Every structure is written in structure tokens, then in C-alpha cells.
Amino acid sequence: MSHLAQERCWHAVSKSLEKNMPAFSTSGTRRNTDHNDGDPPDVHRKLPSSAGEDRAMLLGFAMMGFSVLMFFVLGVTILKPFLLSTQREESNCTIIHVHTMDDWTDCAFTCGMDCRGQGKYPCLQLFVKLTHSGQKVLLHYNEEAVQINSKCFYTPKCHQHRNDLLSGALDIKEFFDHKNGTPFSCFYSPDSQSEDVILIKKYDQMVIFHCLFWPLLTLLGGVLIGGMVRLTQYLSFLCEKHSTAFRGEHCAQQPRYATT
């Protein structure tokens, strides 16, 4: 009975080795094995993987690729203009005078595929006083308004309806007329001698933080997913290897009994 049990044990070990060792090729030759003990070299052995692990690896690579794409898009559209823009500090402004210039500014608009038109828009000017210096300066809506037309508070979308453009400018004028004498937040450039002050900053520190934080978080998440999958595969491989070696040693230590 002990001889029969030992034969069954060796049969189980051979079955286990057949599952874990490289299969025979179609030509009948085995893959390369170690010249010392006949076991397959661990260096060239592919780690086992399941369908779920393959999908997790694909998700990790997709997250890493998407993070690189976000870095590129946000870097071109937000980070680069922020670095090239004038650095401004916050201050308080007080309205001195608000008026609409008599001469309207020329602009161009499109009315179709092959249609181009010329129009005019009212130039609204807001003069304010900086609280910290008492300097009289011209207020603009944001950095783009300074670059497009440095003489006007903002540049509306050009179209042929003059009454709508005038109504929008008068609404803004009425809003600031009510703020006459009331300080409000504005931004100026301490390193520039320009008399341009903006009402809001298009790109502040919080926007830059989000532009860097979320792509970086996505990149780290993709790397973490890929690393965890590879670690799981390696630990599974080690567990399977040591389990096979333990079963082989256990069967080899059993004594052989001669059959009568």
C-alpha cells in the first residue's frame, strides 16, 4: 500500500510539473532548460496572467497615456500663456470716471461660409484710482482685453446689430456707476510702468495647481495599477514555484518498500 501511495504521489508531481513547465513544441523538441538541474530558467519564464490582470494593465497604460496628453494640452493652452503673461499683484481700486467714447472701434465678423462683414462697437473706458498709490489708471476686464485693445475695458463679440452692442456697454457702465466711491479688488503690475489694471485674472494660482495636480495624479494612478499587477503576478509565480518544490521534496523523502 505504501508503494502504491508513493506511485500516486510521483504521478501528481509529474502532472504538476507538466502544467508549470514549458509545453512540448510541434516538432517534438522541448524548450531550453537549465543545464544544471533541468528546471526552466526563471529569467526567461513569462509570468502567468489572467484576463482581469490584462485589462488592469491596459487601464494603467491608458491612464498614463491620457495623463501625458493632458500635460500637453493644458501646457499649451494654459501653462504657457500664464508663464508669458505679466505677473500682477492684488490691490483695491475706486471708480473715478466711466464713459463711452464717441468714436466707435472697427471690427470684423462672419455671417456665413463665404460672408464677411465690417462693424463697429462702442469703446467703454473705466478710469480707476489705485488705493495703495493713488495713481489714476485705465481698468480692463482681463489680460486678453489688454492685448486686443488697450484703450477699452473689454472687446465684445463683433456683429452688425449696433443697438445690442450699445445696450451691453451701457449695462456695464450703469453697474460701475453704482460702485462710485466703493473700493473693489483689482490687479496691477508692480514691475511695469504701464497704466493698465485688470479686473480679474484669467489664470490664477489655483487654476495652475489643478492643471498640474490632476494629470500628475492620473499618471501616478496608472503607474501604481501597472506595478501592483506585476507584483501580484510575480508573487503568484513564486508561490507556485515553492509549492511545486515542496511537493517534490515531500514525495522524495517517503521510504521505498519492496513489494512481495
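Small disclaimer: the values here were computed from a predicted structure and weren't measured.
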With heavy-atom distances below 4.5 Å as the criterion, would you say the side chains of [X] and [Y] are in contact?
{"X": "Leu124", "Y": "Ile172", "value": "yes"}
{"X": "Thr105", "Y": "Lys120", "value": "no"}
{"X": "Leu212", "Y": "Leu216", "value": "no"}
{"X": "Gln233", "Y": "Leu235", "value": "no"}
{"X": "Ser133", "Y": "Leu130", "value": "yes"}
{"X": "Met101", "Y": "Pro122", "value": "no"}
{"X": "Val128", "Y": "Cys186", "value": "no"}
{"X": "Tyr141", "Y": "Ile200", "value": "yes"}

Backbone N or O of [Y] within a donor-acceptor pair of the [X] side chain at under 3.5 Å?
{"X": "Gln125", "Y": "Lys151", "result": "yes"}
{"X": "Asn142", "Y": "Ala145", "result": "yes"}
{"X": "Thr77", "Y": "Val73", "result": "yes"}

Shortest non-hydrogen separation from [X] to [Y] and the atoms involved:
{"X": "Thr131", "Y": "Ser91", "answer": "N-OG, 4.4 Å"}
{"X": "Leu139", "Y": "Ile198", "answer": "CD1-C, 3.8 Å"}
{"X": "Glu90", "Y": "Tyr188", "answer": "O-CE2, 4.1 Å"}

**Request:** Not counting sequence neighbours, which residues clear ring pair (Phe, Tyr, Trp, His ring centres under 6.0 Å) with His178? List them please.
**Result:** none
Exceeds 12 heavy-atom contacts within 6.0 angstrom, atom [atom1] of [X]:
{"X": "Asp171", "atom1": "CG", "answer": "yes"}
{"X": "Phe72", "atom1": "CZ", "answer": "no"}
{"X": "Asp102", "atom1": "CG", "answer": "no"}
{"X": "Asp177", "atom1": "CG", "answer": "yes"}

**Prompt:** Under 30°, 30 to 60°, or over 60°: which ring-plane class applies to Phe127 and His99, parallel, tilted or perpendicular?
**Reply:** parallel
How long is the span from the [atom1] atom in [X] to the [atom2] atom in [Y], to the nearest 0.5 Å?
{"X": "His97", "Y": "Lys129", "atom1": "NE2", "atom2": "NZ", "result": "16.0 Å"}
{"X": "Ile225", "Y": "Glu53", "atom1": "CD1", "atom2": "CD", "result": "13.0 Å"}
{"X": "Leu74", "Y": "Lys80", "atom1": "CG", "atom2": "NZ", "result": "14.5 Å"}
{"X": "Leu170", "Y": "Thr100", "atom1": "CG", "atom2": "OG1", "result": "5.5 Å"}
{"X": "Leu165", "Y": "Asn163", "atom1": "CG", "atom2": "CG", "result": "9.0 Å"}
{"X": "Leu199", "Y": "Ser185", "atom1": "CG", "atom2": "OG", "result": "8.0 Å"}

Hydrophobic clustering (ILVMFWY, side-chain heavy atoms < 4.5 Å, transitive) - are [Y] and [X] grouped together?
{"X": "Leu224", "Y": "Leu231", "result": "no"}
{"X": "Tyr121", "Y": "Phe153", "result": "no"}
{"X": "Met228", "Y": "Leu220", "result": "no"}
{"X": "Phe209", "Y": "Trp214", "result": "yes"}
{"X": "Val137", "Y": "Val146", "result": "no"}

**CA sep, side-chain torsions, deciding dist, call: Cys93, Phe184, side-chain contact (heavy atoms from CB on, under 4.5 Å)** = CA-CA 5 Å; Cys93 295; Phe184 57 90; 4.0 Å; yes
**Asked** With Cys107, which residues qualify under disulfide bond (SG atoms under 2.5 Å apart), at least two apart?
**Response** Cys158
**Asked** Checking side-chain contact (heavy atoms from CB on, under 4.5 Å) for the pair Leu138/His140: CA distance, chi angles, key distance, verdict?
**Response** CA-CA 7 Å; Leu138 185 63; His140 298 84; 3.9 Å; yes
Enumerate donor-acceptor pairs with a distance under 3.5 Å from any side-chain N or O in residues 55-68 to protein atoms, sequence neighbours excluded.
| unit_1 | atom_1 | unit_2 | atom_2 | d |
| --- | --- | --- | --- | --- |
| Ser67 | OG | Met63 | O | 3.4 |
| Ser67 | OG | Met64 | O | 2.6 |

